[in-house]
Every structure is written in structure tokens, then in C-alpha cells.
Amino acid sequence: MDADTESARIETSITTVATLNQLADELSRIRQIINSGVNLGDALLSLSRILSSEPAFSESYSLLSAAATLVRANELAIWSAQRATQLNPEDAAAFTNLALHKHGRERLEYLHRAVALAPNDSNALFHLANDSTDGDNRDRESLYQWVLRTEPLDIDARINLAALKLKQEPLEAQRELQMAYCLAPNHPLALSNLSAVALELHDASHALRAAERSSKLNRKQSASWLNLAMALKLCGNALGGLAALNRALTINPADARAWTNTAALLEAASDPSRDENCYQRAIEINPLETTPRFNLGLSWLRRGRFRDGWRLYELRQKNAAARELEIKFTGIRALKSKTEIKHGQQVLLVAEQGLGDVIQFFRFCKTLHSLGAEITLFVPTALQRLFRHLPVAILSDMETVRASQYDFWCFIPSLPAICETDLADITGESYLTPDPQDVCSQRSRLTSKKRPTVGIAWRGSARGKQNPREIDLHELLRELPSNITLIPLHHDLTSDETATLMTDDRAVALLTPSTDFADAAAVIEACDLVISIDTSLAHLSGAVGQKTWLLLPRHGDWRWMSGDTSPWYRSIKIFRQQHSNSWSEVLAQIREELGEITRSTSPQPN
């Protein structure tokens, strides 16, 4: 090779390298344009010029597909992605772009191919997480977390991860959304979901703050007004909530959720004729949606329209454990009506929902037993000893169940519908009896106390959520008179609660951390009175026939209906908030009535 030829070859190589460097810089600029979503026309023109001179460069086709997708030029996007994969079968971005224009299994196959080629490709991981709806949510969470390890600033991944955590881990969901909000304070979905998670946590102030900001930024989005309505309701402003829902329905008259929530607020405002119309409107819009029908059923139950209400109560959402049991019992016939039962048939009754629900609806076992059914109960361990004295068998281990053992099965909260219960059928009589020896033992520990003995329950068992049903222990203790003996009915006292009660000379601890409901029933029976919020302990107290004062929020649960008495338990007297989120009037009334009791039982001077 002569010197001139070698010199020409070197000059050509230098030119090629320079051209490739320029091309790489230009593609980097185009990629930034596409990621910003602005000036996409400029990106498309630049890519067109590049491809006219370099038609075999796969990355150009991949970027062209991404830009075409954003401007909804779907045919161009698909053709470009296919061309990119032909030129470079290892182009992960091209497979991701191609997946976005496919559906079902084919879409997932392309996304899995992209992730296999580029395990840290945040875009492919994000779309794979979005589309993996048939799998376990934990798998989707892992994918979003993988995205965030690669791209910590990916707002949409944080929002979607929070949505998966909303029900089971609301505090974690709130943390992710707060980070998304810090990164993008005006992101509409971050604000909307931040309001939603605060609602889930019953955090009224944060829910209202996020919802107000969201509705200002997204005045034409009905979902923003819907969240604002629910936040206002939580703050006790039902009229403001109805006004926000009216805005939502003005924007989208076919928003079934807005009609459902309008009905709920009207129900809270004691406007039953209008709330039923709103529920029916939601059902007309979306006949397959169970929420408005279920809520209509609760409205009927609250008003004593039991037969129709129980039918719709069967639409209640089951938790994961209950759904697993439904699958397990496919070999056993589900009990639908009491008329199906014949003498001597075996019926398996299974707990569902909370302990209070099991106690409340357990009364209907008597109806099945009167028809000749042989009953077996599968209930939480905490309730098993409580029911052992009754004519039922207790099942401790679900793994031992064989389909051939039972003729029927059902969830315990389904018993009112199965028994075709009407309001007149509820007598309110007590139906549980604590062990007499346990009661005597508890009373012996109180013999030195000459004052009236009052059992108190101020919270539920859930931690991490603010609950409008609950009352602050300090506030409760402050309002109770000094000349009584207080028995805390919670067996799981926190260290702060323990410290507070230890410094109160009225308090006597009778329960231990291992206490089950049989022990709690004995303690309740040993008291003169129980004061409780709406919790399983209130149901237990009513079921054993103990005199009980039930403290309810302004908008209480359906089962307590209206008025100051309950058809479910004759021994319960109800005290309702006059203003949302305020216990002051209720506690004043409690203090006054307790004062009358203590004055009447105090020793009189000679």
C-alpha cells in the first residue's frame, strides 16, 4: 500500500469517527426532547434527516418509535419499532415501544423480552409492573421498587407503587406519595392520591389540604372534587361535601362514584328519600359495580328495612383470607336459605370480618339449631373458649376439614340473610353467658372497692390510623367522676396507656396480655357498667346482657340505626356526638348520668 492510499484511509476513518460522534450527540439531544415531551415535531424532523443518511442505525428507529407513540402516530411507531428490532435484536427500548402497541399476552411477552435484554431499563420495568395485573401485587411492588432503584425521580412509579400499598400499608403509601409531591408539587395524580391515602388513614387535615390544592389545579377533573367532598365530610362539613360533589357531577354527570358518595352524604344528613335516588342513579350508570348496591343495602338496614338490606349485604367485599376459604370450600354446598336444612345435617359456620361481627351475628346459630342443624364453628382463637359452653362444636384447625364432613357451610355474617331476618325478629335478649367461676374470681378481686365499677373501652385494635370512632384516653379519664372504680377492658395496652392508668387511682387492671374473650366477658359481667366506643367489646357486653353505654360518632355504623337504643342489645344505651369529631357533649352527658348513679349508691351519713 502506497503512502497516498494509507493517508486517505486514515482520513476516512477520522471522518467516520467524527460523524458517529456527531450522530451520537444528535441522538442524545433528540432523546432529551422526547423525554421532555416538548417540541416533538423537531425530534421527528431531525430523525427523518438522520435516517435519510444513515438508514441502518437501529437507535434512530427506536427513538422514532418513541416519538411517534407520543404524538399517537401508531402505525409509524409500530413500523419503526419493528425495523429497530430487525436491525438490532437486542434493542430493549424498541421491544418496549413495540409492546405499548400490543395487547394481552403479546404485550407482556415483548415487555419480558425488553427486561431480559436490559434488566435495569426503568421504562420497560414500569410498563411491566403496570400490566402485570394477573399476578400477586407483591410482584408488581417489586417491579416498581426496581424502577425506583434505577430512576429514583420517576414520579409515576412512586404514585403507582403507593396505589398498590394504599389498602394494606397506607402509611407506606403516604410516604411514597409525599416523596412524589416533593419532587413534583403540582403533579395532579400525586395530589389526588395523597388526599386519598389521608382519607384512608382518617387524617382529616392532611386530606383536606391535599384535596383543596388538587381541586384548584384540576378544576375540570371530577375525581379532584370527589376527594375534596370526602375530606370535607371527614372534617364534619357535609354541606361543603355536597357542594363539591355537585361540582364533580356538573363536570361528569355519569360519574357513578360521585353519585354513590352524594348518596352517602345525604344519608349522613338524614335525607333517606334523596339518598336512595342517588344510589339508584349510580346503579343505572354502572350496573356491574357492587359498591352503590352494597351501600344502598346498608342504608336500608340502618332504616330497619332488613329483608331487602340483607340481600344486598351479601355483596360485601371479602378480605383475602375469606376469599381463600371460599376456594377451599368449593366441595361443600354453600348454605343460601334456612329452608334447605334438614334435621341432623352438619353445618360449618366460618368467621368473617371483625370479632364484633362474629359476636353480633352468632345469635342466629340458635335459629339453625332449632331447625335440627348440627353446628361447627371456625372462629378466631380469641373467641373459641367464649363459645365452648354452647351446643356447637369448635374447629381449631382448618387444615383438617374434609368436604364429606359437612352438608353446608356459610360465613357467619351471612346468617341474617339465610334466616330471612326482619326487624321484628330481633329481640335484643342476651345470648352469651360468662363462666360463673371466672365471674366470681373477678368479683373477688373487687370486693375491697366500695365504689361503682365501670369497664371502659376507648379504642379499637388497629394501629396507625386515626379513627373517628375512638376517643382519647386522657380526655375520657378527665371527664369521669372520681368516686368510681375503672376497669380497662383492653388487654393490649400500650406503654403510654399503661403509664397513664398507673397514675390514676381509680384504675384497676384485671386483664392480662394473653386474655381471650371468655376472660373479658367475665370481667364485663363483674362490672356495674361498661362505657365503650363502637368496638367488639361493646358487642360482647351487649351479648352478655351487661348495662352498656355506647359512645358513637355523629355518623355511626349502620347497625346502630338511629335513636338511643339498639334492637340488637336491650342492655345498651347509645350516646351520639352532636357535632362531628367532638366528644365534649357526649362526655358531659356521661358525667352527669354517672354522677346520678354514684350519688344514689354512696353511703348516706347517719
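A quick note: this is a predicted structure, and the numbers were derived from the prediction, not measured.
- In terms of modelled atom types and a separation under 3.5 Å, the side chain of Thr69 and the main chain of Ser65 share a donor-acceptor contact.
- Salt bridge Lys165/Glu176: absent, no basic N to carboxylate O contact under 4.0 Å.
- With 3.5 Å as the limit, one finds no donor-acceptor pair spanning the side chains of Arg554 and Asn581.
- Ionic pairing of Glu326 and Lys328 is not present here: no N-O contact between side-chain nitrogen and carboxylate oxygen is shorter than 4.0 angstrom.
- Side-chain contact between Asp156 and Leu189: absent, with no pair of heavy atoms (C-beta onward) separated by less than 4.5 Å.
- The distance from atom SG of Cys278 to atom CH2 of Trp259, rounded to the nearest 0.5 Å, is 5.5 Å.
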Verify side chain to side chain donor-acceptor pair (under 3.5 Å) between Arg281 and Thr262, making sure each step is shown before the conclusion.
CA-CA 11 Å; Arg281 181 76 180 100; Thr262 298; over 6 Å; no
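- Checked by atom type and distance alone, the side chain of Asn160 never pairs as donor or acceptor with a backbone atom of Ala157 at under 3.5 Å.
- Ion pair Glu497/Arg459 flagged as a salt bridge, since at least one NZ, NE, NH1 or NH2 atom sits closer than 4.0 Å to an Asp/Glu carboxylate oxygen.
- At distances below 3.5 Å, not a single donor-acceptor pair connects side-chain atoms of Gln221 with backbone N or O atoms of Ala223.
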Please walk me through it: do Glu289 and Thr260 pass side-chain contact (heavy atoms from CB on, under 4.5 Å)?
CA-CA 11 Å; Glu289 174 59 49; Thr260 299; over 6 Å; no
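- By the 4.5 Å heavy-atom criterion applied to side chains, Glu352 and Ile412 are not counted as neighbours.
- To the nearest 0.5 Å, atom CG of residue Leu265 and atom CG of residue Leu232 are 9.0 Å apart.
- Once rounded to the nearest 0.5 Å, the distance linking CD1 of Ile533 with CZ of Arg469 reads 6.0 Å.
- Side-chain atoms of Asn97 come within 3.5 Å of backbone N or O of Ser62 as a donor-acceptor pair.
- Heavy-atom contacts from other residues, nucleotides or ligands closer than 6.0 Å to CD of Glu90 number 12 or fewer.
- Residues Trp409 and Phe378 keep their aromatic ring centres 6.0 Å or farther apart.
- Side-chain atoms of Val401 and Phe329, non-hydrogen and from C-beta on, do get closer than 4.5 Å to each other.
- Around atom CG of Leu239, no more than 12 heavy atoms belonging to other residues, nucleotides or ligands sit under 6.0 Å away.
- Considering only heavy atoms from C-beta on, Leu266 stays 4.5 Å or farther from Asn277 through its side chain.
- With rounding to the nearest 0.5 angstrom, the CD1 atom of Ile418 is 4.0 Å from the CG atom of Leu335.
- Two residues are said to be in side-chain contact when any heavy atoms from C-beta on lie closer than 4.5 Å; Gln353 and Arg316 meet this criterion.
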The test is side-chain contact (heavy atoms from CB on, under 4.5 Å); show your working for Arg302 and Leu298 and say whether it passes.
CA-CA 6 Å; Arg302 185 190 299 273; Leu298 296 186; over 6 Å; no
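- Listed for the Ser299 side chain is no donor-acceptor partner under 3.5 Å among the backbone atoms of Asn295.
- Leu98 CG to Arg107 CZ: the interatomic distance, rounded to the nearest 0.5 Å, is 10.5 Å.
- Taken from OG1 in Thr250 to CH2 in Trp225, the straight-line distance is 10.0 Å, to the nearest 0.5 Å.
- For the residue pair Ala173 and Ala162, the shortest heavy atom distance occurs at CB-O, 3.3 Å.
- By the 4.5 Å heavy-atom criterion applied to side chains, Leu171 and Arg175 are not counted as neighbours.
- Residue Lys216 places its NZ atom among 12 or fewer non-hydrogen atoms of other residues, nucleotides or ligands, all under 6.0 Å distant.
- Between the side chains of Arg83 and Ser60, no donor-acceptor pair of N or O atoms lies under 3.5 Å.
- Here the side chains of Arg247 and Arg219 are in contact, with some heavy-atom distance below 4.5 Å.
- Inter-residue side-chain proximity for Gln280 and Ile283 is flagged as met; some heavy-atom pair is nearer than 4.5 Å.
- Taking the six-membered ring where tryptophan is involved, the planes of Trp310 and Phe361 are perpendicular, since the angle between them exceeds 60° and thus also 30°.
- Checked options Ser215, Ser214, Ser192, Ser195; the residue passing with Ser224 is Ser214 (criterion: side chain to side chain donor-acceptor pair (under 3.5 Å)).
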